[in-house]
Structures are given as structure tokens and as C-alpha cells.
2 protein chains.
Amino acid sequence: MARMSDIIEEFIKQLINETDGVIEIQRNELASYFKCVPSQINYVIDTRFTTERGYYVESRRGGGGHIRIKRVNVDRPGNYLMHIVSSMGDSISQQSAEVFINNFVDYEVISEREGLLLKAATSDKVLGGIGIPDRDIIRASILKNMLTALLV
Amino acid sequence: MARMSDIIEEFIKQLINETDGVIEIQRNELASYFKCVPSQINYVIDTRFTTERGYYVESRRGGGGHIRIKRVNVDRPGNYLMHIVSSMGDSISQQSAEVFINNFVDYEVISEREGLLLKAATSDKVLGGIGIPDRDIIRASILKNMLTALLV
DNA sequence: TATATATGAAAGTCAAAGATAGTCAAAATC
DNA sequence: GATTTTGACTATCTTTGACTTTCATATATA
């Protein structure tokens, strides 16, 4: 069965596209539209519209409250990559690595094929043999080294 | 009696044929269809749908989770890559990896940027922390997984 | 009038319950 | 002896709901 969260995510992304990068939604309204509990909207926003993925979220409670989601602009791909690389920690899980990579592809900072290469090089499929703290450290190192190579 | 794993393997392959190279299955569903334990599906995938055999596997847990299996394109320019991948050993030094990669770029099987990514991911700069002989094993694994990803 | 308080309308938090898939090693089979 | 089958245990992701916080406005009070 399709995940409700994915459907809501797509819906919101489409809204953002149609409105040139910024939307304002009402949590309860959206929840009742999708017949889910309001907190699921929070879940979708917390997991899918994060800073890492290039979104900026603000909200206000009380009467007339709302949630505003803004898609961050990427003008200079090189700068963007450099910025991400330097803000990246020394350890990274497969999950976060994938989020970063998908984002690069979304923003057309790298091609889809390059995205596949990055994912292939950082997946647990190949790093699984390494024990747990080391694995994420090496993954971060591989990811950063690859991204840096693209800046040359 | 025929081996259950072989039957499941055939079943999955047929599915892949019918769907143009990519399928998404649910582990529990498939297991209950074949009246086997779920982990047997993992066994089949781990032993039969490997990189060496030209498959690319991803998965996701949790509600609405799934396992996605892609069959790599064995025709076309990939043929050469595929051949190399399956003939490559389980362990490879940095120098040998570089020779391979340079050849791929020379023969225009991959782009220069892709070559840079491959080198960045397999260099001792990032894998140096891993002791010999594990280092060369992981390098081979990364290299093969990356090349396979390009065939998808 | 100016300020304090009450009320209702949002959104936020967090943890439990549910739904999948992964791992690993013992047991069974070939 | 190697491969396959099984199952107990683990990890990860999603859904749900009870409870909390914040804000705007209406109402009461000094």
C-alpha cells in the first residue's frame, strides 16, 4: 500500500512548484483533506522538508495560524556543493547520505548517473562489512571526497 | 523436490521480465505466497540477485516498505563493463582500480567526471583507514557496485 | 481607556503501536 | 562440506493520539 506520507509529500511539492517556491498551508485543513491526524503533517514536514533537503519552514500557532514552506534557491551549483561539503559532519548514515544525494540531483547540481554512482559508493551494500562507528566515518569520507572531486 | 529458493528466483526473474527490468516486492507478501519464512527472500536475493549477476537492489523498511530489484542492461555499451565487473576479483589495489578506470575513460565507456567520481571513491585517501586486506576487498566491492549502477 | 483575563483556534511534541525489512546462526538437507 | 531453510531477535519507518504551547480576540476589570 502506498505510504500516506509520500502522497502528502508529493502533494506539497506540487503546490510549491505551482506557486513559485513558497506555500502557506493550514495543518488541520490538510490533515482533514487526507483524512489523517494533524500530527502526520508534522511528520511529513519533519522528515521530508528539512534544511538538508533544501527547504525552510516557519509556522505560527493560534487563530489564523499556518505553516509556511519555502524552497531554497540554488543559484551557484559549485558554491552550493562546497557549502554542503563543509557543513557535513565526519560521520554520516546511509540514510542521510541518500537524502543529500537525492537533493543534489533534484537541484541539478549533479546528473542522475552521477547520483547513482554516489549512492552506489556510499551504500551499506558495500560498506556493510565495516563495523558501526567506522562505517559511517568512512562513508562521510567517501562522499566528501567524491563531491570535492566534482568541484575541480 | 525442487529447491524453494530456485523457484522463488525464477518467479522474481519472470516478474522482472514482465515489467521491463524493475520490480518492487514486499518481502512478507512474497514469503506468504511461497509459504516460507521472510528471511528466505533475503537469502534468495543475497545469493541470486547480486551485483556480479547484474542486479541492483534497494529496499526500505517500515510501513509501506518494499524491496526494489533492477536488472542491469546487459546489451549495449554496458556489455563491456558488465564483462569487466564479473571478471573482476573480490579484491583490488588502488593502482589496479585506477588502471581500470582510466581505461574506461579512454574507451569512452564513462565520462571524465564519472571517472573522477570512481577514483575519488576508491582511493586510499578515503580507504586508508581500513587495514589490509579488508581495504582492497571493500575497494573492489565499491568499484563493482558503482560500475553496476551505471548499467541500470 | 488601558490592562488583565478568559476562551477558542491553531500548531507542536512525544511516545506508543503498527508495519516492514535485515541479521545471524542453528538445524536441516543435499 | 556446502547450501538451504528456519526462526528469534533487531533495526527502521510510519501512523496515531493524548497532551502541551502559542496566538488572536473577546470580555471583564481597575
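Only heavy atoms go into these numbers, but all of them, side chains included; no hydrogens, no water, no symmetry mates. Chain letters run A, B, ... following the sequence lines, proteins first, then strands; residues in each count from 1.
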Completion exercise
Rounded to whole Å, the CG-C1' distance (B:N28 to D:dT12) equals 14 Å
Problem - Touch class at under 4.0 angstrom, heavy-atom based, for B:R68 against every strand present - result: nothing
Exercise for the section: Mind calculating the distance between CZ (B:R48) and C1' (D:dT5) to the nearest angstrom? Expected result: 12 Å
Handout entry: Pairs where residues 55-65 of chain B contributes a residue and the test side chain to side chain donor-acceptor pair (under 3.5 Å) is met, not counting sequence neighbours
Key = B:E58-B:R68
Exercise for the section: Write down the distance between CD1 (A:I7) and P (D:dT14), rounded to a whole number of angstrom. Expected result: 12 Å
Practice task
May I ask you to verify if any side-chain N or O of A:R3 is less than 4.0 angstrom from the OP1 or OP2 atom of D:dT12?
Solution key: no
Fill in the blank from the handout: Per atom distances to the A:Q26 side chain, the nearest of C:dA11, D:dT4, D:dT15 is C:dA11
Practice task
Nearest whole angstrom, please: distance from the P of D:dT3 to the CG of B:D6.
Solution key: 13 Å
Would you list the atom pairs, donor with acceptor, under 3.5 Å between side chains in residues 27-34 of chain A and any protein atom, with sequence neighbours excluded?
unit_1, atom_1, unit_2, atom_2, d
A:R27, NH1, A:N42, OD1, 2.6
A:S32, OG, A:E29, O, 3.2

Fill in the blank from the handout: B:I8 atom CD1 is separated from D:dT3 atom C1', nearest whole Å, by 14 Å
Problem - Integer-rounded Å distance: D:dT15 P and A:F34 CZ - result: 12 Å
Exercise for the section: Mind checking salt bridge (charged side-chain N to carboxylate O under 4.0 Å, His left out) for A:K13 and listing every partner two or more places apart, or none if nothing turns up? Expected result: A:E9
Problem - Integer-rounded Å distance: C:dT23 P and A:D124 CG - result: 8 Å
Handout entry: Residue whose closest nucleotide on DNA chain D lies nearer the 5' end, A:V44 versus B:Y43
Key = B:Y43
Kindly list each side-chain donor-acceptor pair under 3.5 angstrom involving residues 85-98 of chain B, sequence neighbours excluded, with atom names and distances?
unit_1, atom_1, unit_2, atom_2, d
B:S86, OG, B:M82, O, 2.9
B:S86, OG, B:H83, O, 3.4
B:S87, OG, B:H83, O, 3.2
B:S87, OG, B:I84, O, 3.0
B:D90, OD1, B:K144, NZ, 3.4
B:S93, OG, B:S96, N, 3.1
B:S93, OG, B:S96, OG, 2.9
B:Q94, OE1, B:D124, N, 3.1
B:Q94, NE2, B:E98, OE2, 3.4

Practice task
Kindly state each residue pair satisfying ring pair (Phe, Tyr, Trp, His ring centres under 6.0 Å) with at least one member in residues 102-132 of chain A, sequence neighbours excluded.
Solution key: A:Y80-A:Y107
Practice task
Begin with the C-alpha distance, continue with both residues' side-chain angles, and end with the deciding distance and a verdict on side-chain hydrogen bond (donor to acceptor under 3.5 Å, both in side chains) for B:N17 and B:R71.
Solution key: CA-CA 9 Å; B:N17 275 340; B:R71 186 190 48 216; 2.8 Å; yes
Exercise for the section: Using atom CD of B:Q40 as one end and atom C1' of C:dA26 as the other, report the distance to the nearest whole Å. Expected result: 15 Å
Practice task
Considering just the side-chain nitrogens and oxygens of A:Q95, establish if one lies under 4.0 Å of OP1 or OP2 belonging to D:dC13.
Solution key: yes
Handout entry: CG (B:D20) with more than 12 external heavy atoms under 6.0 Å
Key = no
Completion exercise
The contact string for nucleotides 12-18 of chain C, one letter per nucleotide 5' to 3', using protein heavy atoms under 4.0 Å with B, S and - for base, sugar-phosphate only and none, comes out as BB-----
